[in-house]
Amino acid sequence: MKKILVIHGPNLNLLGKREADVYGKVTIEEINKDLKRMAGAKKVTLVIVQSNYEGEIVDLIGKSKGKYGAILINPAAYTHTSIAIRDAISAVKVPTVEIHLSNIYGREEFRHKSLISPVAKGQICGFGKMSYILGLEAAISLVDKK
Ligand code: DQA
């Protein structure tokens, strides 16, 4: 199934305006455009959602089984707090790639722990927009394996 669900978590709608020293000047629209271009070239369909609501993200993941071959997620602040998102990924077993723009291990201590990583296939962080591109490459490789 060559369909991938891309989830941008809370506050990522503010990219470009938000803490540019940490996240850069790139906007979510620019990231989505690059992801779509790459997916098109690789004949993969993307569904891209940004949500500031934990329950909405849990619902999306919960309904992903059988619909998507992989999930690419930047859980943003929920990375460090959400047992519900972790449990949803664990429940559906759709292969999931976790990504972050910033290097969460080089920042405040509360960002060093990801509740998502243990249930993700892997994590990519610290490369700005490139984290998404590398993450999509990884997600496509997981879809191709199926
Ligand atoms: C982030 C890192 C998180 O710690 C933070 O809460 C975010 C963005 C990143 O992409 O670097 O909102 O996920």
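Values below: all heavy atoms of this structure, side chains included; hydrogens, waters and symmetry mates excluded. For reference, positions follow the sequence shown, starting with 1. Ligands are counted one by one from 1 in listed order, and the atoms in each one are counted from 1 as well.
- Annotation: side chain to side chain contact (heavy atoms under 4.5 Å, CB included) contacts of Lys113 (sequence neighbours excluded): Leu115.
- The only member of Ile71, Ile140, Val47 that meets side chain to side chain contact (heavy atoms under 4.5 Å, CB included) when paired with Ile4 is Ile140.
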Go through it in stages, so that I can follow the logic: the residues are Leu72 and Leu46, the test is side-chain contact (heavy atoms from CB on, under 4.5 Å), and I'd like the CA-CA distance, side-chain angles, deciding distance and then a yes or no. CA-CA 10 Å; Leu72 176 66; Leu46 295 188; over 6 Å; no

Sequence neighbours left out, cut at 3.5 Å: what donor-acceptor pairs do the side chains of residues 7-18 make with other protein atoms?
unit_1: His8; atom_1: ND1; unit_2: Tyr132; atom_2: OH; d: 3.0
unit_1: His8; atom_1: NE2; unit_2: Asn32; atom_2: OD1; d: 2.8
unit_1: Asn13; atom_1: OD1; unit_2: Gln50; atom_2: NE2; d: 3.4

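- For the salt bridge (Lys or Arg N to Asp or Glu O under 4.0 Å) test, residues two or more places apart in sequence or in another chain that qualify with Glu108 are Arg111.
- When heavy-atom distances to ligand 1 are checked against 4.0 Å, the residues falling inside are Arg18, Tyr23, Asn74, Ala76, Ala77, His80, His100, Leu101, Ser102, Ile104, Arg107, Arg111, ordered by chain and number.
- With hydrogens and angles ignored, the 3.5 Å screen pairs a side-chain donor or acceptor of Thr96 with a backbone N or O of Val94.
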